[in-house]
Amino acid sequence: MTDASTPLIVGGPAPSDARPDADLLQGLNGPQREAVTYRGQALLIVAGAGSGKTSVLTRRIASLLRTREAYPSQILAITFTNKAAGEMRERVHQLIGQKADGMWISTFHSACVRILRREAEQFGFTKSFTIYDSGDSRALIKRLVKEHEGDSFGLTPAGTQSRISKLKNELADAESYARSANMSDPAERVFVEIFSSYQRELQRANAFDFDDLIAQTVYLFRAFPQVADVYRRRFRHILVDEYQDTNHAQYALIHELTRPVGSDAEPFSSGGMMIFEAEPTGDDAASLTVVGDSDQSIYAFRGADIRNISEFERDYPGAKVVLLEQNYRSTQNILSAANAVIANNFDRKDKKLWTDVGAGDPIIGFTGYSQHDEAQFVADEIESLHKKGLPYSGVAVFYRTNSQSRALEEIFIRSAVPYKIMGGTKFYERAEIKDALAYLIAVANPADGMAVRRILNRPRRGIGDVTETAIARYAAEHDITFRDALANSAQIGVGPKLQKAIDQLDAVLTEATAIMLPASGELAPSTSVTEGLTLLLNKSGYFDALRASKDPQDEARLENLDELVAVTREFARNNPEGTIIDFLTEVTLVADADDLDDASGSVSLMTLHTAKGLEYDAVFLTGVEEDLLPHRISANEPGGPQEERRLFYVGITRARKRLHVSLAMTRAQFGEVTVAMPSRFLQEIPADLIDWRQSPGDVNGRGGSQSRALNARGRRPGQPGGNRYGDDLVPLPKRAPADPSKFPNRIPAKVRDNGDMQLAAGDRIRHDDFGEGRVDAVTGEGAKRVAHVRFDTVGPKKLLVKIAPISKV
DNA sequence: GGGCGTGTTGTTTTT
DNA sequence: CAACACGCCC
C-alpha cells in the first residue's frame, strides 16, 4: 500500500541530538509513531484502510535496523502476495539502502519453500521437490476420485479438492480426520481413502501442494524441535502483514516461530493439539508484530480465520495494541460510504475512518440496461476523466468474478481505452505453457509422475491410455519411477512403433538433464534453463507440431511459448545463480510477475480480491447486483454475506478521489439473459452521497429512462429527500414516493416479463407511465432488445422490451 | 489411438 | 456459454 501523505525521507542525516531513527518518524501521527517505536514481545497494529500501514511497517523495520537492535538477517517479514513483498522490500531499501538485502521479506508460501528446501531431506523429500498448483492437484484428485469411484458416493473432484484443502489449512491429515469423522458412512470412508492416497502420491512425486507448503513446515517444526530452533534463533523480529487473512496453519507457523528457543527440548507430544496457554514466554522468544484490519478479511473461503486477529491479545498476553484510524487516502465522501456500509456487519469492533482532506466529489452511480451498456458508461467516463488530465494508470475497474471482465474488455477495445487485466486468466494456466513446464519438471524432478504422464503424448506420439497404463504397471512392478521406466521401453511390452516413440522422449529428457543438471555435480549456469527448454521444445517435436498445424490458435500458442522462453532469459538475468528448480518455484508461486512494471499507461482491471492493498485515484466498482455482489453462492455459507460486504468495503476504500458504482439490469450469465436486482449494499450507502447518472429506478421501466446525457445534467446531490433511500434519486418525480417500487434501489419483487414480445419500427405502444408512443427502432437481441420509442407527451425514451410496462396498441 | 459430434454439467474469490 | 465427458466411427 503506497501512502502519498507521508513522504519518505531518504538519506538525510538525523540531527545529532535525536534518536538515530528520528528521521523515520517525521510526518507520522501519534499512533503511527507508536507503532514504529514500540518495543516488546507482541504488537498488534489495527490498521484501517489507507491508514498508512505499509509506511508504518517499513519504518518499523528500518528503525530496528537503524538503531542496531537487529541485523537484517534477523528479520522475517511476511506478506500475502509477492507484489506486496516486492513493494515492501523496495521501500525498506529506500529507507536504509543495501542493508536490506539479508532480510527475508516474502509470502508465507515462499518463506516455507525456502525452509522446506533446506530441510527436505529430514523427512523423506529431496530438495528438488516441485510444487503442485491448484490445477495440478485437481488433476491428481480427479484421477483418484475416478480410481476410487468416488462419484458413486457423491464426491466430485472440485468438492474433494476443497475439502482436502480446508482440512490441511486446519492442520488435519487423513488419519486425524478419520478419527473424528463418521466412518460408518461409506462416503466418508472413500473420502478418507482418496485423501490419504492423494497425500501418498504427492510424497511419491516428491511434491507439495500449496497448502502443504505451510502445513508441512509446521509438522517439520513440531517433529524436529532442533530444526525449529535454528529458525527461532535466526528470526528475532517477525512481522506479518494482512494478519486477518491468516488461516490456522499460518497462525500455527507463526506460533512455532515465536516460541522461545529450546522451549520444546523435551519430547513434544506431536499429533495432539498444541496447548498455547502452557507456553512460557521467555525473553528469547522472537518479537512479533502483526498488522491487520478485520474489516478487510476476505479470504475466509481459503481458511482465513478472523479470530486470529480478534483474539490476538488472548494468544499473546501483554500484547500492545495500536489503532490507526486516520485515513490518508480517500475523500470524506468515500470514507463515509465505506463506514456506513461496513457498519452493517454486526459482531465487529466499531471503527470509523476519517480524513481531513474534505468531502470531495460525490460518488457517481450508473445503471446500464446490459453489462455492455454498463461497460460503455465505464469506458466513456474513463475517457472523460482522461481528457481532464487523469492518466489511465490512475484508474481501476473492479468486479466480483473474473468472467465479468469479458464485457468490459470488448467495450474497452472498441472504445480504444488501454487496459490491462491483473491476475486474470493466467499465462501459466494455458495448456501449452503447462506442457512446457511439465517438460521442465520431468527433468528437474523425475519422481513427479504427473508431469511425465502429461507430456507422454504431447506432441502426439501415438501413446494413449493403454500404453500409459502399461508403463505405469512396469514401473510399479520394478519399483522404479514412471520416468525411469521410459528407459526400458523394450521390456514394457508394447509394439516397436511405440517403443521408438518412448525411446525418443526418453532421449530428449536425458539430453536436457545433462544440460540443466550436469552429472558432474557442478552448478549449471542459469542460462541453462533457456537452453534446456529450447532443446526440449525443439527435439520433442512440440514446436514442429504447432508449426505444422493449421489451427489458427496454434500460432498464438507458439507466441506464448516464445514468451515463456523470454521469461527464462529474464530469470537468468535476475538470478545468475538460479537453477531450474528456482525457476519452477518462482513460476508456480508468482502468479503474474509482469504486473508490477508495465501497468503504466493502462487502466487496471481486476477482481475485488486482487484489489486489496492497492489504491487508485478513480475506481469503478461494477456489477453491484444481488447474486453477484453479494455472490449468490455466499448466501448459504455461514458468514458469507458479511464477507461479501467486506469485499465491497475493500473496493470502496481503494479509491482516492473518485468512486463510481455501477450495475446492469440484465446480465448474460450462463447462456441465459437474466434480470438483475440492485445489490442490497447500494442501499447501505447514504443516498445523499451518490449522484445517480442513471439510477436503477430510471431503468426498470417505471420512472423514465432518459438518456444519460439528459439525466446527468441538473442533477445535484443532496437535494432534500424524504427518506433514507432518497426520493431525489428518481430524476422524473412523477409519482408519490410511497410506492415501494419507486425506491431507486429496489425492483418490484415480481419483475414484469413481456417474453419475446414482437416490436418493429412503426408499431404503436402504450406505456403505463408515459402513455402512447411510436417505436422508432428496436436494437439488441433476445432479452436485451431495446425499443427506441417516441412518446406523444414525454418525447423519446429507450425501453428494455423484456421488462418495460408496455403493451401494443 | 484419435477425431469428431452430441450431451451434460456446473456457475466465486487465490497463494 | 463454456468445458468436459462420452460414444461413435475411421
Side-chain angles (χ1 to χ4, degrees), chain A residues 78-85 106-113 131-135 137-139 142 146 151 156-159 161-162 165 168-169 208-215 242 245-247 249-250 297-304 398-407 422-426 428-429 431 456-457 459-469 494-495 497-498 501 551 585-592 606-613 623 627-637 640 643-644 646-648 650-651 667-674 782:
Chain A
I78 302 276
T79 61
F80 256 74
T81 63
N82 291 288
K83 192 172 169 184
S106 67
T107 63
F108 271 108
H109 296 268
S110 314
C112 287
V113 169
I131 302 161
Y132 277 25
D133 67 19
S134 355
S137 80
R138 188 166 52 248
K142 204 171 187 174
K146 206 174 228 167
D151 54 341
T156 63
Q161 182 181 28
S162 103
S165 171
K168 286 186 175 184
N169 287 332
F208 296 95
D209 66 18
F210 278 143
D211 302 315
D212 277 344
L213 294 177
I214 317 286
E242 309 283 10
D245 284 327
T246 49
N247 60 35
Q250 291 163 334
S297 163
I298 53 174
Y299 283 106
F301 72 91
R302 183 170 102 179
F398 301 153
Y399 36 80
R400 175 68 234 268
T401 68
N402 280 306
S403 62
Q404 289 168 253
S405 70
R406 293 246 174 103
M422 317 278 273
T425 325
K426 294 202 186 75
Y428 294 106
E429 278 169 21
L456 207 49
N457 201 31
R460 302 238 139 83
R461 299 184 173 90
I463 303 178
D465 266 355
V466 180
T467 312
E468 181 181 326
T469 313
V494 295
K497 216 168 176 172
L498 284 167
D551 181 344
T585 303
E586 183 169 307
V587 159
T588 22
L589 251 34
V590 181
D592 42 345
M606 69 192 85
T607 66
L608 283 165
H609 283 88
T610 311
K612 192 168 71 159
D627 289 350
L628 202 52
L629 182 65
H631 197 277
R632 146 134 53 79
I633 292 175
S634 72
N636 302 321
E637 288 166 1
E643 173 143 322
E644 298 285 310
R646 289 193 292 269
L647 204 46
F648 188 54
V650 165
R667 193 164 287 275
Q669 340 175 278
F670 194 42
E672 287 291 291
V673 176
T674 53

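Chain letters run A, B, ... following the sequence lines, proteins first, then strands; residues in each count from 1.
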Can you check the distance between dT13(B) and dC4(C), where both ends of the measurement are the P atom (answer in whole Å)?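 Each nucleotide's P atom is 15 Å from the other's.
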Is [X] near enough to [N] that one of its side-chain N or O atoms lies under 4.0 angstrom from OP1 or OP2?
X         : N       : result
Asn402(A) : dT12(B) : no
Ser403(A) : dC1(C)  : no
Arg460(A) : dG3(B)  : yes
Thr607(A) : dT12(B) : no

Please report, rounded to the nearest Å, how far the [atom2] atom of [N] is from the [atom1] atom of [X].
X         : N       : atom1 : atom2 : answer
Arg406(A) : dT12(B) : CZ    : C1'   : 15 Å
Phe210(A) : dT13(B) : CZ    : C1'   : 15 Å
Leu589(A) : dT14(B) : CG    : C1'   : 12 Å
Ile298(A) : dT14(B) : CD1   : P     : 9 Å
Leu647(A) : dT14(B) : CG    : C1'   : 12 Å
Gln404(A) : dT12(B) : CD    : C1'   : 10 Å
Glu586(A) : dT15(B) : CD    : P     : 15 Å
Asp212(A) : dT15(B) : CG    : P     : 18 Å

Please work out if [X] contacts a base, only the sugar-phosphate, or nothing of the nucleic acid, heavy-atom cut-off 4.0 Å.
X         : result
Asp211(A) : nothing
Lys142(A) : sugar-phosphate
Phe80(A)  : sugar-phosphate
Ser110(A) : nothing

Q | No-hydrogen, no-angle side-chain donor-acceptor test under 3.5 Å, Asp211(A) and Ser165(A) | A |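 Yes, side-chain donor-acceptor contact under 3.5 Å.
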Given [options], the nucleotide with the shortest approach to the side chain of [X]:
X         : options                  : result
Val466(A) : dT14(B), dT12(B), dG1(B) : dG1(B)
His609(A) : dC6(C), dG1(B), dT13(B)  : dT13(B)
Arg400(A) : dC6(C), dG1(B), dT13(B)  : dT13(B)

On DNA chain B, check which nucleotide each of Asn457(A) and Thr401(A) is closest to and give me the residue with the more 5' one.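 Taking each residue's closest nucleotide, the earlier one in sequence belongs to Asn457(A).
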Here the gap from Phe301(A) atom CZ to His631(A) atom NE2, rounded to the nearest 0.5 Å, amounts to 12.0 Å
For the CD1 atom of Ile78(A) and the CD atom of Glu242(A), what is their distance to the nearest 0.5 Å?
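It is 13.0 Å, given to the nearest 0.5 Å.
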Under 5.5 Å centre to centre and under 30° between planes: does that hold for Phe301(A) and the six-membered base ring of dT13(B)?
yes
* Are side-chain heavy atoms of Thr607(A) and Tyr399(A) found at a separation under 4.5 Å? -> yes
Heavy-atom donor-acceptor pair, Asp209(A) side chain to Tyr132(A) backbone, under 3.5 Å: no
> Short question: side chain of His109(A), backbone of Leu213(A) - any donor-acceptor pair under 3.5 Å?
Replying inline: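 A pair under 3.5 Å: no.
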Under a 3.5 Å limit for both distances, which nucleotide forms a Watson-Crick or G-U wobble pair with dC8(C), could you say?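 Partner of dC8(C): dG3(B).
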Give none if dT11(B) has no partner; otherwise give the nucleotide forming a Watson-Crick or G-U wobble pair with it, both distances under 3.5 Å.
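Matched dT11(B) with nothing under the 3.5 Å cut-off.
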